[in-house]
Protein chains: 2
Amino acid sequence: MNSLLKPEEMMDLWNTKLSIPIPSMDIVIFTLYKWHLCVVLDKFEWNAHVLPWNILAGWYSLEDNFDAILERKTGIKWIYKEQLYTFWSPARDKRWHVLSISYYALVGGQDFINGIDFTKVDLIRYDELSKANVLYDHKEIIDYARNRLKSKIIYTTTAKEILKKEFRISELREVYEIVLDKEIDRRNFQKKVLSLNIIQETGNIDKSTNRPAKLYSFIDDKIRTFDDIF
Amino acid sequence: MNSLLKPEEMMDLWNTKLSIPIPSMDIVIFTLYKWHLCVVLDKFEWNAHVLPWNILAGWYSLEDNFDAILERKTGIKWIYKEQLYTFWSPARDKRWHVLSISYYALVGGQDFINGIDFTKVDLIRYDELSKANVLYDHKEIIDYARNRLKSKIIYTTTAKEILKKEFRISELREVYEIVLDKEIDRRNFQKKVLSLNIIQETGNIDKSTNRPAKLYSFIDDKIRTFDDIF
DNA sequence: GCAAAAGTGTTTGGTCTACACCCATGA
DNA sequence: TCATGGGTGTAGACCAAACACTTTTGC
């Protein structure tokens, strides 16, 4: 993932000889942590944050570029991700003249949290982002991703990435409640989700609460679409 | 809209010294012509076609870049457009190593057809595209745009760009029938579209058919969203 | 009068919402 | 036996699909 010229040399070349923006990638990683939707952000200088990013490595696909950034920040090698949008305006970033191809993903699990190097990266609650000092247009990119996440989870099995292999329907519902930021009727949710043919009983029972609960798993290995859940 | 280096010089620079793809823009322009969904494609050499495109002019916004390509091909100065996707893979285009930021739009009207220079550009029916020789991955980009168009027209007033200021509800319905490629019940469509608060009677009557019809116009000047029409 | 297309209404069935009740277990 | 959360059912509101009849004009 190296380029033939050093980054500073590239910048120099661009700014002096070219009128073309440098393609880079910004990634928005959402997770559910302590019952809140959070974003992974790079610490930047003293108290500022930016999205994890890199200059696009042109010998690799966009997905490989995403994976490289993700792995560097979190240790996770692969995750379902989706292209978000390509942001550019001549005024976007006066220092570097950078075009941003953005991707986003929803990730969960203990391995993910353990893999994060919290000296370099922070987990910021989405609902507390306005208090943070997020640089450039990265706050807008995060909001854009947040909206996309909301609309996608309604008709895709995005929630798969947050849950363990086997889960209770109530756990699935909680993912939806946090991502959509609203309460969902327990009984109606259950009826609907079972009618969609996306999850199946595993036969196992989770006895960790007073009344044990049936465990379910997603039928498909891959993220797939279905008729709107709401 | 010029760059400091000539295109050939840029290409050379990229291929020899840089590992970074050149940002370019491909645009997918849909229109309804003789009752069919069509795409505007550049003639390329003898019998091949490509999407209208250009190397990204970095002093201008993405939308300005789109407008410049559109105007060159069709004489139209402004139209509602939407970013589609950014395509890139190292193998995408071996000659030029080009990253494609794609936009799409739905355009209509006689001015549009009159503005097209048909010596440079062809109008190709979407349902006959498989017979055409469309180069690179541009066929996939068109398909991607076609799907986006289908899903967007269901909850946005995209059809506005195809119709005259005042139109019959039956004309609006025909736009939906062609874009969605299915028959729609006349009566149910009328009820639904009137309940959405997106169009209003203008008070004028169109007497061009046997039985005259009320004319309607969109309430909003801008393209807006509404609850799904289907 | 007849064809063509507009305008309006009804019936039906399914789906979403808001609920209530009972059940299995741990403490 | 009580608290906690799981499992299941039902009535009413609402919405969408299928469909029929009447109206207004040109020829």
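Proteins get letters first, then strands, A, B, ... in listed order; numbering begins at 1 in each.
- Checking D/dT4, D/dG7, D/dG26 against every side-chain atom of A/A213, the shortest atom distance belongs to D/dG7.
- Taking the six-membered ring for Trp and the full ring otherwise, A/F167 and A/F218 have centroids separated by under 6.0 Å.
- Proximity note for B/D185 (side chain, C-beta onward) versus D/dC19, C/dA6, D/dA16: the nearest is D/dC19.
- Minimum atom distance to the side chain of B/R211 is reached by D/dT23, of the listed C/dT10, C/dG7, D/dT23.
- Residues A/V50 and A/K43 have side chains not in contact (no heavy-atom distance under 4.5 Å, counting atoms from C-beta outward).
- Atom CG of A/L196 and atom P of C/dT15 are 11 Å apart (whole Å).
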Take A/D42 and A/K73 through the test salt bridge (charged side-chain N to carboxylate O under 4.0 Å, His left out) and record every step on the way to the result. CA-CA 8 Å; A/D42 269 6; A/K73 301 297 175 187; 2.9 Å; yes
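- Distance from the side chain of B/K191 is smallest for C/dG9 among the nucleotides C/dC19, C/dG9, D/dT24.
- Between A/F226 and A/Y155, the distance separating the two ring centers is not shorter than 6.0 angstrom.
- Between D/dG6 and A/R168, a contact under 4.0 Å exists linking OP1 or OP2 to a side-chain N or O.
- Between the CG atom of A/D227 and the P atom of C/dC16 there is a distance of 9 Å, rounded to whole Å.
- The residue B/K214 sits close only to the backbone: its heavy atoms come under 4.0 Å of sugar-phosphate atoms, none of a base.
- In this structure, CG of B/N210 is placed 15 Å from C1' of C/dG7, rounded to the nearest angstrom.
- The side chain of B/K192 contributes an N or O atom lying less than 4.0 Å from OP1 or OP2 of D/dA16.
- Closest approach to the A/R187 side chain among C/dA18, C/dA20, C/dG9 is made by C/dA20 (side chain taken as heavy atoms from C-beta onward).
- Phosphate contact (OP1/OP2 of C/dA6, side-chain N/O of B/S170, threshold under 4.0 Å): present.
- When the nearest nucleotides of DNA chain D are assigned to A/R186 and B/R186 by heavy-atom distance, the more 5′-ward of the two goes with A/R186.
- D/dT24 atom P lies 17 Å from atom CG of B/D206, rounded to whole Å.
- The separation between A/N188 atom CG and D/dA11 atom C1' is 13 Å, rounded to whole Å.
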